[in-house]
Amino acid sequence: MNAPTDRAAPAHPADGPEQEPLSPRDYATAARAELDPAVWDYIAGGSGDEVTLRGERAAYDRYRLRPRTLVDVSYCELGTTLLGRPVALPIGIAPMAYHRLVDAEGETATVRAAGALDALTITSTFASRTLEETARAASGPLWLQLYVLRERKVTESLVRRAEAAGYRALVITVDAPRMARRERDLRNGFHLPSHIRPANLDDEHTGGLHTGRAGGSTLAAHADRHHDAAFTWQDLAWLRSLTGLPLVLKGVLTAQDARQAADLGVEGLIVSTHGGRQLDGAIAALDALPEVVAAVPDACEVLVDGGVRRGTDVLKALALGARAVLVGRPVLWGLAVGGAAGAERVLTTLRDELAEAMALTGRPRIDTIGPDLLHRSPDPAYPLTPDDRDMA
Ligand SMILES: Cc1cc2nc3c(=O)[nH]c(=O)nc-3n(C[C@H](O)[C@H](O)[C@H](O)COP(=O)(O)O)c2cc1C
Ligand SMILES: CCCCC(=O)C(=O)O
């Protein structure tokens, strides 16, 4: 037996910044210590009473796993395809505005992190790097998220630029005809620092984002001015006719909408509550997933996002029929703490945890993961600590 050493027992990672973060939540703790509190709040926060924000996590914790044993799990294969293209893992990066709020380089750093793992990145209309810059830095698959703006020619020009830059799909976010009231941002008078702007839009469409006032959020005011709240299924048909790129709708939570989308030839759906940032009180995305999956033909691929913080969460989403999950805030935490390398470490951790979860449940390939893996516990989800509140 080894003699005991005089090394102190490792501190809890949350105890000090000198400790290497291990889990995505450790990255949250470290990111929170570094970020301007208003930026932290913008990223962490949700709308209204943040009921849906908390519900996203609680939905995962209600499911427990039913492992099978004595399966050869000496090798677990995480690879799958998304819209017909191979990806190395069923975990991608959700579209998020303004990565330069947390890292000087921003989206180009994020996309390099994803590229290192050959993971999907979805870049936002409101990115702080242009979609062309991001495409040049990408080595993995890339989709563009579109907010449909009132001026259709802006949308059309973003579509053409995405086609020219090699984006492989367009993700239309349908849960934000207006931006929900996010009281943290209103209290903080949240606005963009002067060096950050929506790089994909011209000056005509970026005014007013930089001058804050208490009781207001310039992002919400900007969305009120520019988002097209009259965009409907008929207009989606217009978008469909505009491009040969596959369309994916993000923010669908019901079988009815899912069916209507599939009938219009939409190739993919992202079941999402926008990370609890839009309709407060909405059903958790994980709980909406089974009805959406059941409503569409297999050819329409269903992804889910919101609250994925562990490899076992990915496993649970796949067991309920998701083709892949997207991760939002954890990627920004990694980026805030360690730039591209930090974001890559967060993704690598989730990937390794998923591989571990597959091994320990006896599911060595994605196609061996099904609903028999799950037990919905009658226990309430574990109570959330005050810290968890910010880490939905
Ligand atoms: C800071 C931030 C900015 C976001 N910006 C966008 C956006 O521009 N477009 C969009 O469709 N969704 C946006 N979202 C929502 C994410 O795509 C995603 O649905 C959500 O963050 C997933 O939940 P998670 O953060 O718990 O993983 C944003 C989320 C955050 C946290
Ligand atoms: C106008 C929307 C800004 C980005 C966004 O979608 C979010 O903050 O959730």
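Just so you know, ligand 1 is whichever comes first in the structure, and atom 1 is the first atom listed for that ligand.
Which of Gln278, His99, Met96, Gln145 comes nearest to atom 28 (C) of ligand 1 through a heavy atom is settled by distance: it is Met96. The closest non-hydrogen atom to atom 11 (O) of ligand 1, taken over Leu219, Asp175, Ile122, Thr173, comes from Thr173. Nearest to atom 20 (C) of ligand 1 by heavy-atom distance, out of Gly276, Gly275, Pro24, is Gly275.
Residue-level proximity to ligand 1 for Tyr98 is absent, since no heavy atom of it falls below 4.0 angstrom. Contact annotation: for Arg309 versus ligand 1, heavy atoms closer than 4.0 Å belong to the side chain alone. Contacts with ligand 1 closer than 4.0 Å are made by side-chain heavy atoms of Lys250 only, the backbone lying farther away. Contact annotation: for His274 versus ligand 1, heavy atoms closer than 4.0 Å belong to both the backbone and the side chain.
Taking the six-membered ring for Trp and thresholds of 30 and 60 degrees, Phe126 and Tyr147 have ring planes inclined between 30 and 60 degrees apart.
Inclusion of Val308 in the set of residues having an N or O under 3.5 Å from an N or O of ligand 1 is not warranted. Looking at Ala97 next to ligand 1, an N or O pair under 3.5 Å apart turns up. Remark: ligand 1 and Leu332 share no N or O pair separated by less than 3.5 Å (distance only, no angle test). Between Arg277 and ligand 1, no pair of N/O atoms sits closer than 3.5 Å. In terms of polar-atom proximity, defined here as any N/O pair under 3.5 Å, Ile43 makes no such contact with ligand 1.
Residues meeting the ring pair (Phe, Tyr, Trp, His ring centres under 6.0 Å) test with His210, sequence neighbours left out: none. Qualifying ring pair (Phe, Tyr, Trp, His ring centres under 6.0 Å) partners for Tyr63, counting only residues two or more places apart in sequence or in other chains: none.
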Arg32 vs Thr29, side-chain contact (heavy atoms from CB on, under 4.5 Å): CA-CA, chis, key distance, verdict: CA-CA 5 Å; Arg32 185 174 202 162; Thr29 305; 5.9 Å; no
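Under the 3.5 Å distance criterion, with hydrogens and angles disregarded, a donor-acceptor pair is assigned to the side chains of Thr81 and Arg323.
Between Arg182 and Asp41, none of the side-chain N atoms (NZ, or NE/NH1/NH2) sits under 4.0 Å from a carboxylate O, so this pair counts as no salt bridge.
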Exercise answer, ligand 2 polar atom pairs (N/O) under 3.5 angstrom:
residue: ligand 2; atom: 6 (O); partner: Tyr147; partner atom: OH; Å: 2.5
residue: ligand 2; atom: 6 (O); partner: His274; partner atom: NE2; Å: 2.8
residue: ligand 2; atom: 8 (O); partner: Tyr42; partner atom: OH; Å: 2.7
residue: ligand 2; atom: 8 (O); partner: Arg182; partner atom: NH1; Å: 2.8
residue: ligand 2; atom: 8 (O); partner: Arg277; partner atom: NH2; Å: 2.9
residue: ligand 2; atom: 9 (O); partner: Arg182; partner atom: NH1; Å: 3.2
residue: ligand 2; atom: 9 (O); partner: Arg182; partner atom: NH2; Å: 3.0
residue: ligand 2; atom: 9 (O); partner: His274; partner atom: NE2; Å: 2.9
residue: ligand 2; atom: 9 (O); partner: Arg277; partner atom: NE; Å: 2.9

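Of all atoms in ligand 1, numbered sequentially from 1 with element shown, those under 4.0 Å from a heavy atom of Arg329 are 23 (O), 24 (P), 25 (O), 26 (O), 27 (O), 31 (C). Counting atoms of ligand 1 from 1 in the listed order, those under 4.0 Å from a heavy atom of Ser272 are 19 (O). Every atom of ligand 1 with a heavy atom of Ser124 under 4.0 Å away is listed here by number and element: 7 (C), 8 (O).
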Which donor-acceptor pairs under 3.5 Å do the side chains of residues 260-269 make with protein atoms, sequence neighbours left out?
residue: Glu267; atom: OE1; partner: Arg240; partner atom: NH1; Å: 3.0
residue: Glu267; atom: OE1; partner: Leu247; partner atom: N; Å: 2.9
residue: Glu267; atom: OE2; partner: Arg240; partner atom: NH1; Å: 3.4

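The backbone N or O of Gly275 sits nowhere less than 3.5 Å from a side-chain atom of Glu56 that would complete a donor-acceptor pair.
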